[in-house]
Amino acid sequence: FIFYRLRNEVYIEKNLSRFKLNFFKNISHELRTPVSMIAAPIENIINNYHVNDGLLQQLKIIQKNTYSVISLINQTIDYKNAQDISKLKIEQINIIPFINNMIENFQSDVNLTLNDQNQSVYLWIDKRVFEKIILNLFSIASGYNTSNNVNQLSVSDDGHNVIFSLGDNKCDHNNIK
């Protein structure tokens, strides 16, 4: 009798957990649309209209925070999808061109350069997971860079570790292994 009761409790907990995840995924989808509808006009104003510097700075702060909210919403959706899939797609890639491509896509939010672009650094990674990590670094860099300094990302391979150094042209780099 105890076995059946425990099995029933596990079944109920599993269904409750699945219900909660689906609820958050559905809410996240509902939130992403209006937030995206805020982001598009802001980007349009920044890119296509001449506004004074004070207003432009405020619009860029709104834009950056809007993209942060969209990113959080996407992470919530990705978490649910990860629960459904839960498999990594590991492959060996040269991370330098991969990061360069991400920098080009992120450039409107932060002035970022990658040092040592001609080198090759190969890692076994899941591109989706690695992209999230690098985007988090970019977000952190843009959040701390209030004076429009150039953020510099250095990637080096010492044979045992790949070292990411992120800083701006006014301060020391912080290393992440």
Notebook entry, point to check: Who are the side-chain hydrogen bond (donor to acceptor under 3.5 Å, both in side chains) partners of N94, not counting sequence neighbours?
Noted result: S120
Check: By side-chain hydrogen bond (donor to acceptor under 3.5 Å, both in side chains), which residues pair with N48, not counting sequence neighbours?
Finding: N44
Distance check, rounded to the nearest 0.5 Å: [X] atom [atom1] versus [Y] atom [atom2]?
X: K132; Y: I134; atom1: NZ; atom2: CD1; value: 13.5 Å
X: D126; Y: F130; atom1: CG; atom2: CZ; value: 11.0 Å
X: W124; Y: Q92; atom1: CH2; atom2: CD; value: 5.0 Å
X: S36; Y: L31; atom1: OG; atom2: CG; value: 10.5 Å
X: I73; Y: E30; atom1: CD1; atom2: CD; value: 11.0 Å

Check: Are the side chain of D157 and the backbone of V162 linked by a donor-acceptor contact shorter than 3.5 Å?
Finding: no
Next item on the list: For S68 and K64, indicate whether the former's side chain and the latter's backbone hold a donor-acceptor pair under 3.5 Å.
Entry: yes
Notebook entry, point to check: Hey, any chance I27 and I70 share a hydrophobic cluster, counting ILVMFWY side chains that come within less than 4.5 Å of each other, even indirectly?
Noted result: yes
Notebook entry, point to check: Is it the case that one hydrophobic cluster holds both I133 and I90, taking links as side-chain heavy atoms less than 4.5 Å apart, direct or via other members?
Noted result: yes
Item checked: Non-hydrogen side-chain atoms of E43 and Y67 separated by less than 4.5 Å -> yes
Next item on the list: Report yes if the side chains of I95 and F164 come closer than 4.5 Å at any heavy-atom pair, otherwise no.
Entry: yes
Next item on the list: Check which hydrophobic residues are tied to V51 through side-chain heavy-atom contacts below 4.5 Å, counting indirect links as well, and list them.
Entry: I38, I42, I45, I46, Y49, L55, L56, L59, I62
Partner set under side-chain contact (heavy atoms from CB on, under 4.5 Å) for [X], not counting sequence neighbours:
X: Q58; result: I61
X: K127; result: E91, I93, F98
X: E9; result: R5, L6
X: L72; result: Q75

Next item on the list: Begin with the C-alpha distance, continue with both residues' side-chain angles, and end with the deciding distance and a verdict on side chain to side chain contact (heavy atoms under 4.5 Å, CB included) for V155 and I99.
Entry: CA-CA 10 Å; V155 179; I99 293 172; 4.0 Å; yes
